[in-house]
2 protein chains.
Amino acid sequence: MEEKEISQAVVGRLPRYLRYLGELRDEGIERVSSQELSDIMQVTASQIRQDLNTFGGFGQQGYGYNVGYLYDEIGKILGLNREHRLIIVGAGNLGQALVNYTSFERRGFLFRGIFDHDPKVCGKKIRGITVRPMEELADFIREHQIDIAVLTIPKTSAVEVAELLAACGIKGIWNFAHVDLRLPGHIQVENVHLSDSLMKLSYNLSSAAEEM
Amino acid sequence: MEEKEISQAVVGRLPRYLRYLGELRDEGIERVSSQELSDIMQVTASQIRQDLNTFGGFGQQGYGYNVGYLYDEIGKILGLNREHRLIIVGAGNLGQALVNYTSFERRGFLFRGIFDHDPKVCGKKIRGITVRPMEELADFIREHQIDIAVLTIPKTSAVEVAELLAACGIKGIWNFAHVDLRLPGHIQVENVHLSDSLMKLSYNLSSAAEEM
DNA sequence: ACGCTTATGTTAATTTTTTGTCAATTCGCA
DNA sequence: TGCGAATTGACAAAAAATTAACATAAGCGT
């Protein structure tokens with residue numbers, strides 16, 4: 001099905017398009033041109049057209065783009081038209097915070113289970129979901145056909161757990177642990193390295209300070 | 001001081017170099033060549049040399065790089081040699097999770113205050129830090145010389161609060177709210193858009209599935 | 001001390017990404 | 001229905017990022 005290879009740079013911009021299109025739609029706006037979007041989003045109109053054309057001709061010459069249609073199409077490209085079943089591995093503060101984010105559920109990302117190593121938190125309920133011991137992880141993934149595991153555990157155990165998840169047939173890992181996971185290529189890994197992000201900010205602060 | 005413009009692509013890789021160098025250092029390894037790093041990190045040796053040379057000649061021909069020295073130098077480039085004073089704005093799950101991350105403190109990112117709109121959480125203590133009402137925000141920033149504000153509030157109020165922070169003279173904002181902040185250029189903004197990241201993962205899952 | 005080996009720093013080539021341009025198509029109005 | 005304005009999709013150009021190549025400098029062993 002896949003013809004040309006699509007760069008991650010383009011994919012990375014799609015969620016932002018989706019967000020702005022959603023806002024326009026909520027304002028009742030039906031059509032938008034690449035130039036108008038360009039003004040709102042502060043990117044070149046050329047890039048918008050180029051990006052959208054990577055996936056198909058969603059616009060019409062002389063008219064522009066239909067906001068609702070384009071919103072839906074980008075949603076489909078991002079796989080938001082189907083439901084994803086998730087588990088959280090690591091019921092610490094961050095894990096709990098993510099479970100409590102209801103906006104993910106609205107996008108079709110359904111939290112089905114929470115797992116933790118610590119017997120003291122097992123049995124506890126977070127937003128109606130019981131925290132289970134790690135021993136039940138493998139069976140749970142298979143029984144509930146879990147697609148995505150959210151890894152919110154310390155780096156020390158992350159590699160080991162990731163390999164266990166891989167062996168259980170998980171499709172994707174949303175990794176918040178501060179390590180690079182080396183897994184078979186068919187398993188998708190998306191990293192959120194918070195400390196890297198904070199260091200970038202720190203760099204830009206220093207850099208801005210030096211310019212004066 | 002700044003001569004050439006340094007691309008964010010390079011800056012974005014520095015934290016990862018730092019992480020691997022830290023690991024090597026902890027293993028007691030004193031020297032490393034770009035080729036060895038290349039093997040470990042799965043990036044080209046050429047890119048490593050190119051990246052490091054952006055900031056100066058840290059290596060020595062025929063020898064390689066001294067792990068400890070390079071680690072320290074990258075740390076300095078990232079501004080980790082000086083302390084940053086932070087406040088959290090939004091004492092929800094995510095805000096609390098971040099305060100509880102002790103690894104930030106070890107890097108010199110010191111949480112000095114937590115603020116929240118909700119009177120019910122004000123007065124509560126998180127890791128010894130009292131949650132204060134938003135009314136005290138402006139004075140607190142000035143009195144404690146806060147550099148960085150961590151924005152963990154819903155998007156509806158984020159823009160308004162960001163402008164308040166800007167008016168108080170904040171230097172940088174670590175933004176977890178799902179909006180683009182438009183602030184004066186001298187204020188550095190680093191976005192962590194979690195839902196964007198999750199959508200990327202979702203895309204890559206769909207994309208991988210189609211290839212079969 | 002000398003020569004061989006190693007591995008950087010640097011420049012050049014290549015690839016990728018972004019931006020600019022324009023013919024072609026559609027809309028909207030008279 | 002026809003004509004001018006608007007706007008895409010495609011292609012070309014420019015810029016940026018990545019990779020390759022190599023001359024040069026330093027280490028290391030004899």
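Order of the sequence lines sets the chain letters (A, B, ...), proteins ahead of strands, with each chain counted from 1.
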message = Suppose we call a contact any N or O donor and acceptor under 3.5 Å apart; does that hold for the side chain of B/Gln61 and the base of C/dT8?
response = yes
ask   = Does atom CD of B/Glu23 have more than 12 heavy-atom neighbours, drawn from other residues, nucleotides or ligands, at distances under 6.0 Å?
value = yes
request  = Please find the earliest and latest nucleotides of DNA chain D, in the 5' to 3' direction, that have an atom within less than 4.0 Å of any heavy atom of chain A.
outcome  = D/dA6 to D/dC11
key: Length of the CG-P vector between A/Asp51 and C/dT18, whole Å   = 7 Å
ask   = Donor-acceptor pair under 3.5 Å: do we get one between A/Gln50's side chain and the base of C/dT17?
value = no
task = Let me see the working for B/Arg85 and B/His144 under side chain to side chain donor-acceptor pair (under 3.5 Å), right down to the final yes or no.
result = CA-CA 8 Å; B/Arg85 289 173 291 278; B/His144 294 78; over 6 Å; no
query = Between B/Ser157 and B/His117, does any side-chain donor sit less than 3.5 Å from a side-chain acceptor?
reply = no
ask   = Within a radius of less than 6.0 Å around CD of A/Gln145, do more than 12 heavy atoms belonging to other residues, nucleotides or ligands occur?
value = no
key: side chain to side chain donor-acceptor pair (under 3.5 Å) between A/Ser206 and B/Arg82, intermediate numbers included   = CA-CA 10 Å; A/Ser206 306; B/Arg82 63 173 141 275; 3.0 Å; yes
task = With DNA chain C as reference, determine whether B/Tyr63 or A/Arg49 sits nearer its 5' end, using the nearest nucleotide of each.
result = B/Tyr63
ask   = Is any side-chain N or O of A/Thr44 closer than 4.0 Å to OP1 or OP2 of C/dT19?
value = yes
inquiry  = What is the distance, to the nearest angstrom, from the CD atom on A/Gln42 to the P atom on C/dT18?
reply    = 17 Å
query = Considering residues at least two apart in sequence or located in another chain, which fulfil the ring pair (Phe, Tyr, Trp, His ring centres under 6.0 Å) criterion with A/Tyr101?
reply = A/Phe104
Distance, rounded to the nearest Å, where B/Leu70 contributes CG and C/dA7 contributes P = 15 Å
task = Select from A/Ala9 and A/Gln60 the residue whose nearest nucleotide in DNA chain C is closer to the 5' end of that strand.
result = A/Ala9
